[in-house]
**Student:** 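Have a look at this one.
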Amino acid sequence: MAGASIVDIQWRVDVIMSSLNDVDQVAVPIAVVGLKLSSGVVLTYRLRQEDLHQWRFAMAKVLRDLVYLEKKRPPVHTKRTAAHSN
């Protein structure tokens, strides 16, 4: 799985009925996130709302760090050889 990239993301929200006791039931939303990797592997995550927020927060930090690193990266310079500089 090393080096594989995400080629598709699918998601849905399932609602599961959970009983607190014999009479009361509550609807529990679960986010189901599927990631298809370039290697063909499919990963499926089932996340409660709290877990989804933690996952989203972690991804936001990754994106922030990527933007920071892109800004700090030195520009790419190509050297022209004497044969190409007519």
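Just so you know, these numbers use all the heavy atoms, side chains as well, and skip hydrogens, waters and symmetry mates.
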**Student:** I'd like to check the side chain to side chain contact (heavy atoms under 4.5 Å, CB included) partners of Asp65; sequence neighbours left out, ordered by chain and number.
**Tutor:** none

**Student:** Just list the side-chain donor-acceptor pairs under 3.5 Å for residues 43-50, sequence neighbours left out, or say none.
**Tutor:**
residue, atom, partner, partner atom, Å
Arg48, NE, Asp51, OD2, 3.2
Arg48, NH2, Asp51, OD1, 3.4
Arg48, NH2, Asp51, OD2, 3.3

**Student:** Are Val67 and Met59 grouped together when hydrophobic residues (ILVMFWY) are joined by side-chain heavy atoms under 4.5 angstrom apart?
**Tutor:** no

**Student:** Quick one: side chain to side chain contact (heavy atoms under 4.5 Å, CB included) partners of Ala60, sequence neighbours excluded?
**Tutor:** none

**Student:** Quick one: salt bridge (charged side-chain N to carboxylate O under 4.0 Å, His left out) partners of Asp14, sequence neighbours excluded?
**Tutor:** Arg12

**Student:** Among the clusters formed by ILVMFWY side chains lying less than 4.5 Å apart, do Trp55 and Ile9 turn up in the same one?
**Tutor:** yes

**Student:** Indicate if Leu63 and Tyr68 have the same hydrophobic cluster label, given that clusters are the connected sets of ILVMFWY residues with side-chain heavy-atom separations under 4.5 angstrom.
**Tutor:** no

**Student:** Test of understanding: with side chain to side chain contact (heavy atoms under 4.5 Å, CB included), list the residues that count as partners of Leu69, not counting sequence neighbours.
**Tutor:** none

**Student:** Could you work out, with side chain to side chain contact (heavy atoms under 4.5 Å, CB included) as the rule, every residue matching Lys61, not counting sequence neighbours?
**Tutor:** Phe57, Arg64

**Student:** Do any N or O atoms from the side chain of Ser5 and from the backbone of Ser38 form a donor-acceptor pair under 3.5 angstrom?
**Tutor:** no

**Student:** Residues in ring pair (Phe, Tyr, Trp, His ring centres under 6.0 Å) with Trp11, at least two apart?
**Tutor:** none

**Student:** Kindly indicate whether the side chain of Leu35, heavy atoms from C-beta on, has any atom under 4.5 Å from the side chain of Val42.
**Tutor:** no

**Student:** Suppose we screen for salt bridge (charged side-chain N to carboxylate O under 4.0 Å, His left out). Which residues come up paired with Arg56, at least two apart in sequence or across chains?
**Tutor:** none

